S.K.: 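Sharing a structure with you now.
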Amino acid sequence: MTDVLPFTDGELAAIRGDFPILTRTVRDGRPLVYLDSGATSHKPTPVLDAERAFYEQHNAAVHRGAHQLAEEATDDFEAARATVASFIGAPADEVVFTKNATEALNLVAYAFSNAAPTDDPKDERFVLRPGDEILVTEMEHHANLVPWQELARRTGATLRWVPVDADGALDLSGLDELLTERTKVFAFTHVSNVLGSVNPVADLAARAHAVGALVVVDACQSVPHLAVDVATLGADFIAFSGHKMYGPMGVGVLWGRGELLEVMPPFLTGGSMIELVTMERSTYAPAPQKVEAGVPNAAQAVGLAAAVRWIESVGIERIHAHEAALVQRLLVALADRPWVRVVGPAAGRPRGGAVAFVVDGVHAHDVGQVLDDAGVAVRVGHHCAWPLHRALGAPATTRASFAVYNSAAEVDALVDALDRVPVVFGLDLERAAS
Amino acid sequence: MDLYQELILEHSKRPRHAGLREPFDAEVHHINPTCGDEVTLRVDVTGTGADAIVRDVSYVAQGCSISVASASVLADEVIGHSVGQALTTFEAMREMLTSRGRVAGDETVIGDGVALSGVSKYPARVKCALLGWTAFTDALVRSGVDISTTTIDSTPRQGVSS
């Protein structure tokens with residue numbers, strides 16, 4: 001495999017130049033150091049232009065109407081679907097556009113016949129009964145936890161979870177007891193939004209399929225940062241958000257195996273997704289339209305396709321390598337500061353673009369405030385992963401998350417600002433170091 | 001960092017009247033869901049009207065320095081005073097905290113609470129500063145105090161008793 005070339009200074013400057021918001025200053029004229037792309041990423045001009053161009057030139061309601069504008073809008077929307085599908089190695093009709101990943105995960109949860117408004121289940125895999133089990137993990141973002149809690153409550157199925165160990169890694173030692181023929185769904189994250197840990201999707205999926213369970217993967221922190229090919233990943237469904245991959249807000253993606261999308265009941269119903277409608281009952285269109293109710297967010301889908309093309313123009317492998325180098329730079333600097341405890345995989349283990357840490361004696365909210373004062377934007381709290389934080393024994397953490405437009409200088413700015421925390425809060429660093 | 005005045009750090013490192021004590025009339029547990037600040041708070045009140053006296057406020061506050069300091073200031077300011085005065089102080093704190101930097105706060109009304117005036121310029125921290133106070137009013141209600149009919153007490157304060 002050829003070595004991936006790091007960005008030259010010129011290349012990184014050109015990349016940053018594509019993002020107008022990066023010229024912003026904050027807090028008394030300080031340059032913005034944005035290290036919160038795990039929450040939402042910024043959007044390059046080609047994405048903004050694509051969405052605007054749709055509204056200015058091709059705007060119409062998709063899949064409706066026989067006039068020229070409607071044809072153009074529909075073509076644009078379906079071309080966007082094909083672009084996104086190709087990006088993840090899928091056929092176009094296996095890509096469903098949603099509002100975001102949270103809606104995509106809810107779509108799968110509500111596809112269970114006895115959780116959604118249908119009494120005509122086409123496939124036993126989408127029926128849950130008391131005694132059936134749903135398996136998740138303790139490290140899940142709430143979007144891949146709460147819908148399964150609700151599904152269990154509605155259907156009488158039992159929710160179980162793979163625990164994390166004290167370092168935040170999945171404790172797979174008891175998996176054989178947790179993943180059994182009673183398990184109908186195993187839902188887990190590809191890359192943790194807190195720990196950055198990368199879970200072994202193929203292995204876990206193989207074990208799930210061996211007992212007949214469906215595999216649902218939260219890919220929000222993987223698709224934007226590393227190459228994902230659903231043909232080899234092993235999952236039955238993946239969900240990701242457009243806004244975390246340089247795309248617009250308001251568009252997300254559910255990928256699902258065609259034969260599963262075919263038999264799943266829809267989640268949202270209404271216009272667009274129907275085949276035949278009478279007053280008494282309706283039948284539904286084939287997938288993916290069956291699970292895309294209402295006028296679609298076509299402009300946002302077009303924007304997401306532009307984001308995919310932008311990513312491809314830079315190269316996902318180069319993006320991945322660039323972010324990994326920034327993570328390493330930060331981990332090395334933090335290792336030098338014994339009053340900072342990084343959570344998640346040890347240095348050298350595979351890591352996604354998130355680095356969450358605890359400062360001894362200072363609450364994350366206060367750490368974030370000092371960083372914000374220096375123009376450094378991070379996230380603080382439990383990052384929508386509250387059970388994970390309880391398992392880690394940390395009420396809250398501070399999280400820096402990287403994207404393609406971040407630089408080594410920004411890592412240094414974060415560390416410099418972090419060094420102000422012990423000063424502001426009067427930490428005894430000598431005692432902390434012992 | 002203007003926000004973290006020495007007084008705030010002092011209150012957060014050594015919160016006044018901290019700990020859970022008996023007797024108490026009601027105990028509440030409040031959480032700030034966005035960041036995980038939490039407070040368990042008890043009140044000991046004599047009487048139920050506007051002239052009811054707050055004999056004790058005891059609490060355990062876990063979270064950011066703003067939430068802990070604010071709970072400490074709360075306890076300092078209301079213990080030994082009437083419910084009417086306590087609610088006046090609460091209203092003054094809330095007005096300052098939600099003023100986006102326009103209201104500096106009056107030390108004769110809110111005492112050390114003026115140290116938290118910087119919070120009003122950081123909307124994301126206002127809930128941290130209000131956490132203890134909203135827990136306190138919740139505990140008053142659960143103690144049987146009718147705070148809806150309690151009139152704001154405009155009697156000048158005599159100073160803080162401890």
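Being a predicted model, the structure only gives us computed values, none of them experimental. Proteins come first, then strands; the chains are lettered A, B, ... in the order of their sequence lines, and each starts at number 1.
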S.K.: Can you list everything that forms a salt bridge (charged side-chain N to carboxylate O under 4.0 Å, His left out) with A:Glu138? Sequence neighbours excluded, please.
M.R.: none

S.K.: Count the heavy-atom pairs under 4.5 Å between each of B:Cys128, B:Pro33, B:Ala124 and chain A, then report the option with the highest count.
M.R.: B:Pro33

S.K.: Give a yes or no on this: more than 12 heavy atoms of other residues, nucleotides or ligands lie within 6.0 Å of atom CH2 of A:Trp161.
M.R.: no

S.K.: Output the donor-acceptor atom pairs between chain A and chain B under 3.5 Å, with atom names and distances to 0.1 Å.
M.R.:
residue: A:His365; atom: O; partner: B:Arg125; partner atom: NH1; Å: 3.4
residue: A:Asp366; atom: OD1; partner: B:Tyr4; partner atom: OH; Å: 2.6
residue: A:Asp366; atom: OD1; partner: B:Ser65; partner atom: OG; Å: 2.8
residue: A:Asp366; atom: OD1; partner: B:Arg125; partner atom: NH2; Å: 3.0
residue: A:Asp366; atom: OD2; partner: B:Ser65; partner atom: N; Å: 2.6
residue: A:Asp366; atom: OD2; partner: B:Ser65; partner atom: OG; Å: 3.1
residue: A:Gln369; atom: OE1; partner: B:Arg125; partner atom: NH1; Å: 2.5
residue: A:His382; atom: NE2; partner: B:Pro33; partner atom: O; Å: 2.6
residue: A:Phe425; atom: O; partner: B:Lys13; partner atom: NZ; Å: 2.9

S.K.: For A:Pro422, give me all partners under side-chain contact (heavy atoms from CB on, under 4.5 Å), at least two apart in sequence or on another chain.
M.R.: A:Trp339, A:Leu427, A:Leu429

S.K.: Ring pair (Phe, Tyr, Trp, His ring centres under 6.0 Å) with A:Phe240: which residues, sequence neighbours excluded?
M.R.: none

